[in-house]
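Below, chain A is the first sequence line, B the second, and so on; all start at residue 1.
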There are 2 protein chains.
Amino acid sequence: MTTSDWLQELQAERSRLGRASTAGRVADVLRTRITEGSLAPGTRLSEEDIGTALGVSRNTLREAFRLLGHERLLVHEFNRGVFVRRLTVADVRDLYELRRILECGAVRRAAERFSPGSSPVSDERWTGLLDPVRSAVEEGEAAAGEGRWVDVGTANMHFHQAVSALAGSPRVDEAMGHLLAELRLVFHVMAAPQAFHEAYLPGNRRILELLAAGDLAGAESAMAAYLDAAEAQLVAAYGEAA
Amino acid sequence: MTTSDWLQELQAERSRLGRASTAGRVADVLRTRITEGSLAPGTRLSEEDIGTALGVSRNTLREAFRLLGHERLLVHEFNRGVFVRRLTVADVRDLYELRRILECGAVRRAAERFSPGSSPVSDERWTGLLDPVRSAVEEGEAAAGEGRWVDVGTANMHFHQAVSALAGSPRVDEAMGHLLAELRLVFHVMAAPQAFHEAYLPGNRRILELLAAGDLAGAESAMAAYLDAAEAQLVAAYGEAA
DNA sequence: TATTGACGGATTGTTCAACAATCGGTCATC
DNA sequence: GATGACCGATTGTTGAACAATCCGTCAATA
């Protein structure tokens, strides 16, 4: 291991050090509360109450609110305060519109980059990119087998994050991360989220196999079909809840 | 004009009222400074100096900094301050990777929505969606004819924003808006930005004509070719500057 | 000479208290 | 029943203060 390897490893851990910001940690706490569903959509977050409860000043708390506002988990209404985002059916549709573009686009771009004519299965960069996808699929199947339903949902998120990472673009990764966080707000309206997520496990594996076999066009249309089905199911559930 | 029309028009102007926030206006001022290039990348923005110059408190200024940080125009280094973002060649490449996915994806999705088999030219929703694209093309040609080179660049932005709007997705629109704002940081390193932008006017018109004729697949590949060419040109210029 | 360690000014991170502006609801008025 | 005036509560913004951190300088040491 050379010196530059050491330095590179250290650089990778720098992000953990930078997390020292108080506002960032406050945002972390609130983010988990929101995505886990213990803060219902529409709830108003009082600056004073939360500030005293967490022991931070109003200014710092407002900074945390801004962070979550940019992730679309909170909405900020001028002179009225911040609220946990309440998604409409139109939001759900739009979220899936963006998913179609990002996820299918990621597969398509991977196809253009790795297999201009031939199959990418022999490219080791490709197989390396595929490892996280495979991990996510296995993670989901293992969780389902042991009845850890919450983890099935998490694994599903990891799967789609890994697929979008096929584009090899940090900005696509980040956009996908925000999108999935926003989607967690939607999943809580499902009456039976466990069944919802479990139903897509075979589809995920199939997409993985298509990717591994180098059939990127097939993977893209399988993903499109998955997104159409999931959107329809969510929109229907949303109509009932409203 | 019915009552609901009135209300709808008023609602469209609501965003202008919401801009009453001091931090938002400060962010506006700084944003124009940055995108117009009078604040060079890498410049450090002192809280005290700018705060006193603009007559706002440090807390409010920091809130404005956060806004611009989320738009990636500023980078915030802990305990060191905020700096005008300095983009690397890797950033430029990534920006174009995302553009490929968003812009080509928008055209592709428009194709899937409007012409499942047949041409969309008879659909009036389609022609309505195309109007902003046409306006942007004409705006650019007019500006070039009168030598208003800055406006040529602006028109080019409008063109690509309008194309991405073909997806009909607010979130795609917003992502594209942020992306283009970030790209303005890049254009300033070009020695002759006027020639750079002007060269793509015929290409823009050609894409418009393909779209208007209903040849969405042709438009998509023309857009991909445009993006490849622009990226190569920018990366080359970036290599020289560095 | 090159590296290390200590010092000090400058800047940012965070908190606090205060006041102005605005919102939401209540009540009286017409 | 609609309008307008009032009032408590909350947010928007400010200014000041102190702690923590960074950066450059300079002396000490090998």
Just jot down the salt bridge (Lys or Arg N to Asp or Glu O under 4.0 Å) partners of Glu36(B), sequence neighbours excluded, or say none.
none
side-chain N/O [X] vs [N] OP1/OP2, d < 4.0 Å:
| X | N | result |
| --- | --- | --- |
| Ser57(B) | dG15(D) | no |
| Arg58(A) | dT13(D) | no |
| Thr60(B) | dT13(D) | no |
| His76(B) | dG13(C) | yes |
| Arg80(A) | dT22(C) | no |

Taking Tyr96(B) for its side chain and Leu234(B) for its backbone only, find out whether a donor-acceptor pair lies under 3.5 Å.
no
Do Ser38(B) side-chain atoms and Arg33(B) backbone N/O form a donor-acceptor pair below 3.5 Å?
yes
Bending between helix ends of the helix from dT1(C)-dA30(D) to dC30(C)-dG1(D) [5 pairs per end, 10° resolution]
20°
Residue Asn79(A), side-chain atoms from C-beta onward, closest of dT22(C), dG13(C), dT11(D)
dT22(C)
For the pair Asp28(A) and Arg31(A), find out whether any cationic side-chain nitrogen is under 4.0 Å from an anionic carboxylate oxygen.
yes
Would you call Glu174(A) and Arg72(B) a salt bridge, using N to O less than 4.0 angstrom?
yes
For residues Phe65(B) and His70(B), establish whether the separation of their ring centroids is below 6.0 Å.
no
